[in-house]
Visitor: 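Please see the structure below; I have some questions.
A note on names: the letters A, B, ... follow the listed sequences, proteins ahead of strands, and every chain is numbered from 1.
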Amino acid sequence: MASIPSISVTATLNKLEPDLKKLSPASIGFDKSIPHQELRCPEPQEALSVLGECTTIETATYVPLLQECIDRRSVSNARALHAHAVKTGADRDPFLSTFLVNVYAKCASMARARALFDELPHRNIVAWTSMITGYAHNSQPDLAVSVFVELLDSGVYPTNYTLGAVLSACSSLHSLKLGEQIHGFVIKYRVESDTSMGNSLCTLYSKCGDLESAVKAFRRIPDKNVISWTTVITACGSNGDAEMALKLFVAMLWTDCAPNEFTLTSVLSSCCVVQALGLGEQVHSMCVKLGCDSSLPVRNSIMYLYMKCGKIGEARRIFNEMGTTVRLITWNAMIAGLAQMMDNASDEFLARRSGMEALKIFLELNRSGTKPDLFSFSSMLSICSRLVVLEQGEQIHAQTIKTGFLSDIVVGSALVNMYNKCGSIENACKAFVEMPTRTMISWTSMITGYSQHGRSREALQLFEEMRLAGVRPNQITFVGVLSACSHAGMLDEAKAYFKMMKNEYGIKPVMDHYACMVDIFVRLGRLGEAFDFMEGMEFEPNEVIWSILVAGCRSHGNMELGFRAAEKLLELKPKDAETYVLLLNMYISAGRWQEVSKVRKLMKEERLGGLKDWSWINVKDRVFAFRADDHSHPQSPDMYALLENLLEKARGLGYVAHGELEVAEEEEKAKMFGVSVHHSERLAIAFGLLNTHDCAPVRVVKNMSVCRNCHDCVKFVSILTRREIIIKDSKRLHRFRDGRCSCGDFGAF
DNA sequence: CTAGGGTTAG
């Protein structure tokens with residue numbers, strides 16, 4: 001076999017491109033696929049009329065007719081032919097009766113296959129194998145295995161075909177233990193060198209999550225075919241090693257083995273993971289050259305690739321071209337792609353645009369008469385949680401109840417998450433409790449929810465319950481646990497959990513865990529210890545950690561450490577405009593003008609000039625966007641009047657505006673004209689208060705962090721209006737109630 | 001009587 005290049009991923013990808021460009025169907029010796037011929041299948045009566053009234057019919061006459069039944073999956077025709085064979089006595093031929101078992105199995109009629117199998121006077125190995133294959137292919141892998149056990153008990157020897165069928169059952173059961181025992185049989189019966197055996201073993205280990213053994217099984221196949229290559233490429237892709245998948249694909253191209261639509265689909269999905277648009281485009285053109293682009297899975301993968309790489313227009317074009325062949329999975333890929341884009345979006349505008357597009361597509365999907373499934377629902381719930389649109393989320397919740405998909409674990413977890421992210425922890429809790437089964441992910445989701453709502457005690461209690469239930473936490477669970485500790489300033493607990501994570505669960509701490517720990521030290525004002533703790537990190541701290549330190553040093557008045565952290569932060573050249581504002585504010589308040597101009601210059605270099613403050617609010621299915629000091633909405637006079645009125649009352653209750661420095665460009669303008677500043681969230685809140693009923697919570701999304709003044713101000717507004725106000729800003733969720741915020745006042749700088 | 005592909009949650 002061709003050797004696999006062992007160079008770094010990006011280098012490999014760059015090197016791959018010229019090679020791929022040279023590719024053409026001829027260069028890899030690919031036969032143009034033969035057009036699929038229309039199958040002509042006679043109705044039962046017609047089939048019987050072919051046989052006529054003749055009573056001495058040989059097996060050979062039935063076989064082609066039964067073959068057509070298999071191709072058409074026609075149980076009724078098979079039954080008619082079977083009945084006819086019984087009448088003529090042809091079914092006494094062991095070959096025909098065995099074939100009939102296989103026909104029923106292939107037509108997914110396992111009950112009939114079993115009945116016939118049980119009546120067979122001589123069960124040969126082919127009949128046994130047909131039964132096992134049948135169960136394995138008809139989502140009854142457990143029955144497949146028990147038939148295999150029956151076979152062993154009856155003293156029959158399995159063949160490579162039989163073992164392949166059992167292995168496939170073990171794969172769908174994800175049972176490594178069982179599979180390894182079958183692997184033992186493979187060695188015992190000396191069928192290791194059989195290509196299909198190797199392929200089945202590769203699939204087994206891949207499905208059981210043992211990538212190393214899967215690759216080993218592949219390497220041991222002496223004559224590798226397309227299926228071997230496709231299997232190993234898929235194995236890498238589905239076990240989190242997309243780079244290896246792509247390397248293997250290139251290695252494959254150096255052999256005589258041509259890729260087919262299965263291979264290309266798998267390769268495209270790996271391109272999606274590493275967002276290799278350039279490579280993906282070449283694979284796309286290869287699909288066209290090889291005539292594989294009409295395959296639905298290939299098309300879906302291509303569309304999903306463009307989606308994931310942010311080419312919505314291109315994806316839409318492919319989607320529209322698919323016209324009437326659009327199936328549910330295509331809709332789902334579109335929605336999932338948009339959800340992904342939302343997560344990868346560099347700014348809130350792009351994220352919102354993708355999310356709103358997904359809502360639109362989901363509406364189209366429902367109107368098309370197609371029934372959404374668990375994939376659609378879980379993606380949509382994740383989109384609703386990101387957009388903080390509770391009403392739409394509730395509608396989807398209702399739809400999941402009606403369609404019965406609520407009992408799905410993934411949908412259930414997504415629902416818990418949606419309620420949490422929309423600020424409704426009570427409903428999240430209800431959804432969590434009502435789940436028929438809880439996985440690690442549902443526990444994690446709820447723990448994180450409590451933590452984000454500032455309910456640290458409940459978060460930690462739930463974590464202990466999870467452990468008691470015997471569910472193993474992962475990295476993300478511990479992020480939730482540690483951030484719960486940091487919210488409540490529980491340093492000792494945090495240290496203990498950090499240790500537990502490493503020692504008891506063998507989980508390596510990542511950046512997020514360190515960020516939580518540093519955050520605790522900073523909250524408690526123990527800045528020196530925060531620096532000491534960072535010494536123990538196995539990697540360089542990132543901009544998030546440094547900005548926590550800068551902000552902490554600033555609020556605790558430790559300027560010396562603050563400047564040190566700031567220098568480090570500047571070296572990293574963060575991509576986030578808000579971080580620069582943090583630095584600017586610090587340098588301005590210290591009168592360090594040299595650094596101020598340095599930061600300004602960096603911002604220009606990084607093209608982070610304009611900081612635009614925006615907030616969004618959903619009212620009755622419509623989205624309203626506001627900027628700072630926005631006067632564009634017809635209701636503006638009422639909104640400003642309401643705000644001034646509330647501010648007046650708030651001052652009476654003790655609200656004082658801090659002398660914060662203002663840097664956003666709107667504010668600079670406002671200062672020049674000597675007008676007061678109303679940040680966008682205030683306007684969105686005012687609009688929400690005016691346009692929703694008396695006790696409805698107001699939910700606002702903001703593209704920047706809430707400033708300290710607004711944060712204080714909203715607290716008073718929540719008292720004065722007796723309303724719950726939820727703001728999701730660029731950093732965290734704030735839920736204001738009765739003058740208090742769930743963030744514990746540590747979320748605003 | 002075999003073997004392989006597309007969409008989901010924290």
Side-chain angles (χ1 to χ4, degrees), chain A residues 98-99 101-102 105-106 124-134 136-137 158-168 171 191 194-204 206 221 225-235 237-238 259-270 272 292 295-305 307 327-337 339-340 373-382 385 405 408-418 420-421 439-449 473-477 479-480:
Chain A
T98 300
F99 190 50
V101 172
N102 187 29
K106 285 260 175 65
N124 59 22
I125 186 60
V126 176
W128 281 103
T129 307
S130 296
M131 286 305 294
I132 297 172
T133 311
H137 282 178
T159 65
N160 51 343
Y161 288 92
T162 326
L163 294 174
V166 197
L167 280 174
S168 139
S171 302
V191 283
D194 181 79
T195 303
S196 122
M197 237 13 3
N199 295 346
S200 300
L201 284 169
C202 187
T203 305
L204 168 81
S206 162
I221 303 171
N225 61 14
V226 207
I227 299 179
S228 321
W229 284 101
T230 307
T231 308
V232 76
I233 289 170
T234 310
S238 55
N260 62 14
E261 67 211 274
F262 285 79
T263 327
L264 293 168
T265 306
S266 183
V267 168
L268 282 166
S269 94
S270 280
C272 283
C292 293
S295 141
L296 199 58
V298 168
R299 279 194 174 201
N300 271 319
S301 297
I302 293 171
M303 190 191 82
Y304 193 54
L305 172 80
M307 209 69 188
R327 295 223 198 116
L328 182 59
I329 197 158
T330 317
W331 289 103
N332 288 349
M334 198 80 180
I335 294 170
Q340 192 79 51
D373 68 353
L374 65 161
F375 287 94
S376 343
F377 288 132
S378 34
S379 292
M380 284 315 297
L381 285 169
S382 130
S385 60
F405 283 111
D408 180 76
I409 317 160
V410 177
V411 173
S413 309
L415 188 69
V416 170
N417 184 44
M418 187 278 290
N420 269 329
K421 293 280 159 64
T439 63
M440 181 265 289
I441 291 174
S442 22
W443 286 94
T444 302
S445 190
M446 198 61 220
I447 290 168
T448 310
N474 76 348
Q475 274 188 357
I476 298 167
T477 322
V479 174

Visitor: Across the strands shown, which category fits A/Ser295 at heavy-atom distances under 4.0 angstrom: base, sugar-phosphate, nothing?
Guide: base
Visitor: Which part of the nucleic acid, if any, lies within reach of A/Met334 when heavy atoms closer than 4.0 Å are counted: base, sugar-phosphate only, or nothing?
Guide: nothing
Visitor: Of the nucleotides B/dT8, B/dG4, B/dG10, which has the atom closest to the A/Ile441 side chain?
Guide: B/dG10
Visitor: Just to be sure I understand the rule, does A/Asn225 reach a base, reach only the sugar-phosphate, or reach nothing, if contact means heavy atoms closer than 4.0 Å?
Guide: base
Visitor: Looking only at side-chain atoms of A/Ala336, point me to the closest of B/dT7, B/dC1, B/dG10.
Guide: B/dT7
Visitor: Where the side chain of A/Met440 is defined as all heavy atoms beyond and including C-beta, which of B/dA3, B/dG10, B/dT7 is the nearest nucleotide?
Guide: B/dG10
Visitor: Once side chain to side chain contact (heavy atoms under 4.5 Å, CB included) is applied, do any residues pair with A/Phe405, and if so which ones, sequence neighbours excluded?
Guide: A/Asp373, A/Leu374, A/Phe377, A/Thr403
Visitor: Would A/Phe375 count as stacked on B/dT7 if the rule is ring centres under 5.5 Å and plane angle under 30°?
Guide: yes
Visitor: Whole-Å distance between B/dT7 C1' and A/Leu268 CG?
Guide: 14 Å
Visitor: If you check the A/Asn417 side chain, which of B/dA9, B/dA3, B/dG5 turns out closest?
Guide: B/dA9
Visitor: Of the nucleotides B/dA3, B/dG10, B/dT8, which one has an atom closest to the side chain of A/Ser379?
Guide: B/dT8
Visitor: Which is true for A/Asn124 with a 4.0 Å heavy-atom rule: it touches a base, it touches only sugar-phosphate, or it touches nothing?
Guide: nothing
Visitor: Confirm from the modelled atom types if A/Asn260 and B/dG4 form a donor-acceptor pair under 3.5 Å, side chain to base only.
Guide: yes
Visitor: Select one nucleotide: of B/dG4, B/dT7, B/dC1, the one nearest the side-chain heavy atoms of A/Asn332.
Guide: B/dT7
Visitor: Could you tell me which non-hydrogen atom of A/Gly237 sits nearest to which non-hydrogen atom of A/Ser270, and how far apart they are?
Guide: CA-OG, 3.7 Å
Visitor: With a 4.0 Å cut-off on heavy atoms, is A/Leu328 in touch with a base, just the backbone sugar-phosphate, or nothing at all?
Guide: nothing
Visitor: Find the distance A/Phe377:CZ to B/dA9:P and express it as a whole number of Å.
Guide: 15 Å
Visitor: Starting from P on B/dG6, measure out to CZ on A/Phe262 and report it in whole angstrom.
Guide: 10 Å
Visitor: Compare the minimum distances between each of B/dG6, B/dA9, B/dT8 and the side chain of A/Ser413, then state the nucleotide with the smallest one.
Guide: B/dA9
Visitor: Counting heavy atoms from C-beta on, name the nucleotide in B/dG6, B/dG4, B/dC1 closest to the side chain of A/Val226.
Guide: B/dG4
Visitor: Kindly point out which of B/dG10, B/dT7, B/dG4 is positioned nearest to the side chain of A/Thr203?
Guide: B/dG4
